[in-house]
Amino acid sequence: MHERGFMKRERVFKYSLCCRLIISLAIAFCLSRIGLVSPALGQSAGAAPAQIDYDETTHTFRIDGGGVSYMFGVNQNGELQTLYWGKRLRSDDPIPPAHADGGTSSFDLSVNATPQEFVGWGGGLVVVPDLKVSFPDGNRDLVLRYVSHAIQGNTLTVTLKDISRDVVVDLIYRMDEETGVLARSARIENRTQQPFTIEQVLAATWNLGPSSNYQLRYLTGRWVGEWNLQQTTLHPGKVVLESRRGSTGDEVNPWFAIERTDQRDEDVGDVWFGALGWSGSWQINVETDWQNRVRITGGSTPFDFSYVLAPGQSLETPKFYGGYSDEGIGGASRLLHRLELDSIVPEAPHRRLRPVLYNSWEATGFDVDEGEQEALVEKAASIGVERFVMDDGWFGERKDDHAGLGDWYVNPQKFPHGLKPLIDKVHSLGMDFGLWVEPEMVNPDSDLYRKHPDWVLNFSGRPRTEGRNQLVLNLARDDVRAYVYGFLDKLLSENDIAFLKWDYNRNWSEPGWPAAPIEEQKEVYVKYVQNLYSILAELRAKHPHVEIESCSGGGARVDLGILRWTDEVWPSDNTDPFDRLSIQNGFTYAYAPGLMMAWVTDSPNWMNGRSTSLEYRFLSSMQGSLGIGANLNKWTPEDFAAAKRLVAEYKAVRATVQDGALYRLISPGNSEYSVTESVARDGHEAAIFAFLHSSQKGQPYPQLYLRGLDPDAEYSLHMQEGKLADGTAQRASGDYWMHHGVSISLRGDFQAAFFTLEREAAR
Ligand code: DGJ
């Protein structure tokens with residue numbers, strides 16, 4: 001029996017028993033994705049087992065997958081010691097067996113000097129521990145040693161145990177054959193006779209050998225300013241990336257990459273990268289020692305954390321994914337994109353391409369009603385939209401953001417006949433229907449809060465801090481979970497809804513759970529997220545045709561945990577097409593363009609007043625999953641004609657954009673330019689989007705040197721939007737386009753171009 005991350009075993013049994021009674025194999029499949037049933041059921045079809053070997057003479061483990069080898073061994077102290085992580089090695093390449101580093105002085109003990117796979121706080125450890133516990137007798141020393149291991153397909157489980165107490169830790173390594181990305185987690189089990197408290201538990205430690213030129217990259221942001229790529233040289237010391245917000249957050253995303261290279265090329269050099277599959281508070285620590293060796297630990301943040309494990313109970317951490325590329329940060333992104341699309345998202349590996357959608361938010365705000373929405377529906381259909389989504393404002397007494405959250409009935413003034421007439425209209429025009437919800441929140445001005453004021457996160461007798469006039473429901477509570485699942489199930493059962501935009505518009509405050517026993521109250525951080533995942537799992541099992549977008553006031557809940565249950569994400573409320581170039585660029589370091597919803601909205605933009613052409617706005621959005629969020633009631637016939645043409649152009653290349661290999665030819669950064677190239681999986685086509693901020697001093701647009709083409713194949717060039725420079729070839733070899741390049745003509749301010757290369761049949 002495998003367990004969901006961070007759940008006590010007893011509860012798992014209760015939960016899975018109940019599920020089995022009411023739901024069939026379909027839910028078993030879904031639940032397997034969070035580990036409730038055998039992982040084999042949840043394995044993506046077609047993924048061949050990776051190679052996992054154990055050499056009994058040298059006590060060395062070796063895991064190979066994709067272009068990666070990962071090795072560790074049991075040293076003379078019984079510690080699990082990292083030996084190698086990087087480019088795939090030959091089977092006869094020499095890797096010396098594990099041997100503990102003795103340290104250099106009495107101030108530098110072996111336990112700290114030896115790069116370990118997972119280490120308890122004990123025996124003089126001063127680096128970040130993976131596990132720290134306190135026992136009822138006052139002992140807080142924990143020293144973990146290798147006991148045994150088991151290999152099952154592409155999963156290796158290594159069992160460690162404390163030197164004297166029955167604290168057992170299973171380290172789980174699962175290799176993705178295609179990308180070489182390892183998913184690591186740990187399961188802590190109490191086999192003693194007494195409860196003990198877990199004060200800190202992380203998923204894994206990743207170790208990198210010494211180098212003086214490691215560059216750390218990570219992504220920071222804020223509302224309307226998400227996805228900024230940061231870079232810093234690693235020096236001895238510690239960098240902590242963290243969210244204490246209760247959810248993933250946009251201040252920093254749970255992703256990192258570390259480059260070892262002197263080359264300043266996006267697609268060259270050794271890069272190690274990792275990302276957490278967890279949508280609650282989290283932490284990633286990057287420690288560099290005096291020898292310039294790097295140690296990366298990550299999981300749920302230890303801040304305000306404690307978890308009591310009774311005898312017989314166990315707790316499994318979230319997954320910490322880690323990978324390696326020798327094709328620079330660009331190669332690292334492409335591996336992550338492949339992993340997300342082929343192994344993580346709900347329908348992987350047979351994910352549906354994202355439909356072109358329309359969303360009402362920027363057009364009508366909270367003022368939705370049947371007549372106005374129906375008018376938008378007709379206009380959206382006329383340009384080729386495939387999904388119509390009604391955003392906030394359709395329920396309860398929702399007139400603005402002061403009231404209504406929690407009361408999930410259709411507002412009878414706005415929709416006197418319910419949602420059916422609108423949905424029928426949407427269907428009659430060949431589109432499917434989507435709806436906005438924010439299930440985890442409540443306005444104090446709501447029937448739900450008046451009836452259940454105790455359902456929110458709070459500390460007894462303390463103020464309840466509001467954000468956007470709302471409070472956070474305590475999803476860790478069984479009654480709240482039942483309410484949230486219940487209303488969503490009813491909504492989806494009673495209406496023909498194909499898509500939910502699942503919003504989440506504030507961080508936690510006063511994270512108390514007064515109804516729980518005091519020693520269990522901090523479990524809220526874990527239990528909340530588990531219930532969120534289990535609601536999503538159960539909904540998907542019961543309503544398998546429904547797709548879900550994760551939105552959090554923009555991109556504040558994007559991570560590999562939520563992506564197991566959602567089909568796409570909303571990266572930012574900032575829809576200005578120029579700002580979006582850098583926001584979208586940052587997003588793609590960690591997440592696939594096909595997961596990123598990007599709307600074309602009105603000009604001037606609501607946020608910064610910038611005016612841009614419809615073509616520029618479309619081309620900016622066409623680099624991800626295209627959506628339209630403009631007020632179509634204000635469009636001219638020319639706008640409709642242009643939009644229709646651009647939607648058709650997008651549909652023709654969307655498989656390449658959403659599913660292909662992304663090359664960031666020129667990242668916006670501080671440059672005037674921005675260029676992306678997506679190459680189709682089968683290589684038959686490349687789609688290139690180029691942008692100019694403003695022409696300066698007659699400077700021509702830079703020559704574009706394409707990437708990822710077959711050097712010997714012939715490709716023909718098709719200019720879809722914009723102009724080529726005079727004399728540019730129309731047909732040439734892959735080598736020509738990659739080394740001679742393409743010359744386009746872009747002049748003026750906020751200009752854009754789009755062209756494709758199509759591979760010709762071999763002569
Ligand atoms: C925040 C989202 O990011 C927006 O797109 C919109 O759905 C609003 N919430 C609605 O309240």
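When a ligand or atom number is given, it counts from 1 through the structure's own listing order. In this text, all values refer to a predicted model and were calculated from it rather than measured experimentally.
- Within a 6.0 Å radius of CZ in Arg462, other residues, nucleotides and ligands contribute 12 heavy atoms or fewer.
- For atom 11 (O) of ligand 1, the closest non-hydrogen atom on the protein side is Asp392 OD2, 2.6 Å.
- Assignment of Glu438 to the shell around ligand 1 is not supported, since no heavy atom sits closer than 4.0 Å.
- Both cation-pi conditions hold for Arg664 and Tyr589: the charged atom is under 6.0 angstrom from the six-membered ring centre and inside a 45 degree cone around its axis.
- Among all non-hydrogen protein atoms, the one lying nearest atom 5 (O) of ligand 1 is Lys501 NZ, 2.7 Å.
- In this structure, Phe618 has its ring center at least 6.0 angstrom away from the ring center of Trp599.
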Decide yes or no on salt bridge (charged side-chain N to carboxylate O under 4.0 Å, His left out) for Glu378 and Lys425, but give the supporting numbers first. CA-CA 8 Å; Glu378 279 174 15; Lys425 174 104 187 180; 2.3 Å; yes
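- In this structure, Phe256 has its ring center at least 6.0 angstrom away from the ring center of Tyr218.
- Of the candidates Tyr504, Trp570, Trp361, Trp599, Trp361 brings a heavy atom nearest to atom 8 (C) of ligand 1.
- Looking only at heavy atoms of the protein, atom 3 (O) of ligand 1 is closest to Asp573 OD1, 2.4 Å.
- Taking every heavy atom of Cys551 and a limit of under 4.0 angstrom, the matching atoms of ligand 1 come to 2 (C), 3 (O).
- For the ring pair (Phe, Tyr, Trp, His ring centres under 6.0 Å) with Phe487, the lone residue among Tyr409, Trp408, Phe395 that qualifies is Trp408.
- Each of Asp659, Leu595, Leu662 was compared with His337 under the side chain to side chain contact (heavy atoms under 4.5 Å, CB included) criterion, and only Leu662 meets it.
- Which of Leu405, Asn505, Asp503, Asp391 comes nearest to atom 2 (C) of ligand 1 through a heavy atom is settled by distance: it is Asp503.
- For the pair Arg398 and ligand 1, the shortest N or O to N or O distance does not fall below 3.5 Å.
- Numbered from 1 in the order shown, with element, the atoms of ligand 1 that lie under 4.0 Å from a heavy atom of Gly553 read 1 (C), 3 (O).
- The closest approach between a heavy atom of Arg468 and any atom of ligand 1 is below 4.0 Å.
- In terms of polar-atom proximity, Gly554 is counted as a contact of ligand 1, with an N or O under 3.5 Å from an N or O of the ligand.
- Separation of the Trp227 and Tyr591 ring centroids falls under the 6.0 Å cut-off.
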